[in-house]
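Model, not experiment: these values are computed from the prediction. Basis for what follows: all heavy atoms, side chains included, without hydrogens, waters or symmetry-related copies.
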Amino acid sequence: MWDERVPIHVASDFYDLAAFRAGRDALRGFEVDEVGDVNGKSLLHLQCHLGTDTLSWAARGARVTGLDFAPQAVCAARELTKSLGWDESTARFVEADVYDAVSAVDGQRHDIVYTGLGALCWLPDVPRWAHTVARLLKPGGFLYLAEFHPVGTSLSERDPSRFAIDYFHREALVYEDEGTYAAKGAETHSNRSVEWQHPVSEVVTSLIEAGLRLEFLREWDFTLFEHTAGMVKCRDTSGRSGSGATAFRLPPGTPRVPLMYSLRASA
């Protein structure tokens with residue numbers, strides 16, 4: 001499924017790689033503030049897909065490694081790196097399952113492990129993921145996670161005042177949908193996807209039980225997609241300067257709920 005969608009994403013307006021090559025920042029405003037100065041630090045991005053977020057950290061001076069299990073995504077990330085005139089000393093990408101990340105990076109530990117925005121829903125076992133993250137961090141290093149909030153993703157696509165998914169649902173959610181979030185009308189053939197709902201409490205508790213110390217947990221009232229009917233297009237103004245990227249909020253008159261969240265947990 002992912003390999004089929006990579007070329008669609010590379011050509012999509014959503015990722016807009018032409019603008020990225022010209023200097024567009026792929027990060028959200030609040031992420032830049034919450035992670036802080038990365039210059040000279042080693043950063044590992046788990047489930048990095050095309051590598052736009054990974055390379056945005058590299059542009060800020062981090063020595064980055066991106067990891068993804070989809071061969072075509074890793075290939076696209078490497079090509080994007082070359083197009084920017086960088087080599088593996090600045091940004092390298094490795095192909096591996098996220099649960100095999102420790103061996104995939106030869107046991108190397110990092111100052112920062114970064115992941116987020118549509119990553120955890122693909123993982124059946126969050127405690128195992130949390131223990132993997134802990135083994136990837138240097139003493140004093142930290143995990144930074146920015147993710148879609150399970151309250152927001154539980155909302156009905158047709159009615160933002162209703163829930164369509166049980167927040168505490170534990171079984172796999174299986175979908176057979178054509179297209180992709182970056183190009184909904186795209187013709188696709190490998191359409192079966194399997195996702196899992198992970199309450200915020202599960203994520204936080206898993207990190208604590210893996211030996212990490214939670215520094216903060218914050219919730220945000222905007223998201224990157226028009227997830228439910230009537231959402232209002234806006235701009236990301238979060239953080240000190242925002243990113244200016246397209247964002248979406250719930251329609252006026254609808255009670256606000258968290259649509260994304262971020263956390264930082266240190267080793």
Side chains of [X] and [Y]: closer than 4.5 Å at any heavy-atom pair?
{"X": "Ser154", "Y": "Gln197", "result": "yes"}
{"X": "Leu259", "Y": "Met231", "result": "yes"}
{"X": "Phe69", "Y": "Val98", "result": "no"}
{"X": "Tyr15", "Y": "Val10", "result": "no"}
{"X": "Asp53", "Y": "Leu27", "result": "yes"}
{"X": "Glu195", "Y": "Trp122", "result": "yes"}

More than 12 heavy atoms of other residues, nucleotides or ligands under 6.0 Å from [atom1] of [X]: yes or no?
{"X": "Glu176", "atom1": "CD", "value": "yes"}
{"X": "Arg256", "atom1": "CZ", "value": "no"}
{"X": "Glu157", "atom1": "CD", "value": "no"}
{"X": "Asp13", "atom1": "CG", "value": "no"}

Next item on the list: Establish, for the pair Arg78 and Phe93, whether the NZ or CZ atom is under 6.0 angstrom from the six-membered ring centre and no further than 45 degrees off its axis.
Entry: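 The answer is no, since Arg78 fails at least one limit relative to Phe93.
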
Notebook entry, point to check: Can Arg218 be said to sit on top of Phe216's aromatic six-ring, NZ or CZ under 6.0 Å from centre and within 45° of the ring axis?
Noted result: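 Yes, a cation-pi geometry holds between Arg218 and Phe216.
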
Taking [X] for its side chain and [Y] for its backbone only, find out whether a donor-acceptor pair lies under 3.5 Å.
{"X": "Arg24", "Y": "Leu17", "answer": "no"}
{"X": "Ser12", "Y": "Ala183", "answer": "no"}
{"X": "Asp106", "Y": "Gln108", "answer": "no"}
{"X": "Ser42", "Y": "Asp111", "answer": "yes"}
{"X": "Glu147", "Y": "Met260", "answer": "no"}
{"X": "Gln47", "Y": "Ala119", "answer": "yes"}
{"X": "Arg264", "Y": "Leu143", "answer": "no"}

Next item on the list: Apply salt bridge (charged side-chain N to carboxylate O under 4.0 Å, His left out) to Asp25 and list each qualifying residue two or more places apart in sequence or on a separate chain.
Entry: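 For Asp25 the salt bridge (charged side-chain N to carboxylate O under 4.0 Å, His left out) partners, ignoring immediate neighbours, are Arg60.
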
Notebook entry, point to check: Is the closest basic N to carboxylate O distance between Asp177 and Lys184 below 4.0 Å?
Noted result: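 Looking at Asp177 and Lys184, the cut-off is not met.
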
Check: Is the distance between the ring centroids of Phe14 and Tyr181 under 6.0 Å?
Finding: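 Ring centroids of Phe14 and Tyr181 are less than 6.0 Å from each other.
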
Next item on the list: Assert yes or no for the condition that the ring centre distance of His49 to Trp2 is strictly below 6.0 Å.
Entry: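 Between Trp2 and His49, which both carry aromatic rings, the centre distance is below 6.0 Å.
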
Next item on the list: Give the intermediate values and the outcome of side chain to side chain donor-acceptor pair (under 3.5 Å) for residues Trp129 and Ser206.
Entry: CA-CA 8 Å; Trp129 164 82; Ser206 296; over 6 Å; no

Distance, nearest 0.5 Å, that separates [atom1] of [X] from [atom2] of [Y]:
{"X": "Arg21", "Y": "Ser83", "atom1": "CZ", "atom2": "OG", "answer": "4.5 Å"}
{"X": "Thr65", "Y": "Leu44", "atom1": "OG1", "atom2": "CG", "answer": "6.0 Å"}
{"X": "Glu88", "Y": "Lys82", "atom1": "CD", "atom2": "NZ", "answer": "9.0 Å"}
{"X": "Glu178", "Y": "Ser190", "atom1": "CD", "atom2": "OG", "answer": "11.0 Å"}
{"X": "His110", "Y": "Phe142", "atom1": "NE2", "atom2": "CZ", "answer": "13.0 Å"}
{"X": "Asp100", "Y": "Glu95", "atom1": "CG", "atom2": "CD", "answer": "11.5 Å"}

Looking at every heavy atom in both [X] and [Y], which two are closest together, and how far apart are they?
{"X": "Asp3", "Y": "Ala73", "value": "OD1-N, 4.4 Å"}
{"X": "Val74", "Y": "Val94", "value": "CG2-O, 3.7 Å"}
{"X": "Leu67", "Y": "Ala104", "value": "CD1-CB, 4.0 Å"}
{"X": "Asp236", "Y": "Ser243", "value": "OD2-OG, 2.7 Å"}
{"X": "Ala58", "Y": "Thr90", "value": "CB-CG2, 4.1 Å"}

Checklist line | From CA spacing to verdict: side-chain contact (heavy atoms from CB on, under 4.5 Å), Phe163, Leu155 | finding: CA-CA 4 Å; Phe163 287 94; Leu155 294 176; 3.8 Å; yes

Flag for [Y]-[X]: side-chain donor and acceptor within less than 3.5 Å:
{"X": "Thr228", "Y": "Arg158", "answer": "no"}
{"X": "Thr188", "Y": "Glu4", "answer": "no"}
{"X": "Glu34", "Y": "Tyr144", "answer": "yes"}
{"X": "Ser262", "Y": "Glu31", "answer": "no"}

Note to self: Please enumerate all residues that pass ring-ring contact (aromatic ring centres under 6.0 Å, His included) together with Tyr114, with sequence neighbours excluded.
What the structure shows: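 In terms of ring-ring contact (aromatic ring centres under 6.0 Å, His included), with neighbours along the sequence ignored, Tyr114 is linked to His45, Trp57.
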
Next item on the list: Take Leu117 and Arg28, measure what side-chain contact (heavy atoms from CB on, under 4.5 Å) needs, and give me the verdict at the end.
Entry: CA-CA 10 Å; Leu117 297 177; Arg28 277 52 58 183; 3.0 Å; yes

Margin query: Quick one, Leu46 with Val133, criterion side-chain contact (heavy atoms from CB on, under 4.5 Å). Give me CA distance, side-chain angles, the key distance, then yes/no.
Written below: CA-CA 9 Å; Leu46 301 178; Val133 167; 4.1 Å; yes

Next item on the list: Quick one: do Leu123 and Tyr99 satisfy side-chain contact (heavy atoms from CB on, under 4.5 Å)? Show the steps, please.
Entry: CA-CA 9 Å; Leu123 303 182; Tyr99 294 127; 3.5 Å; yes

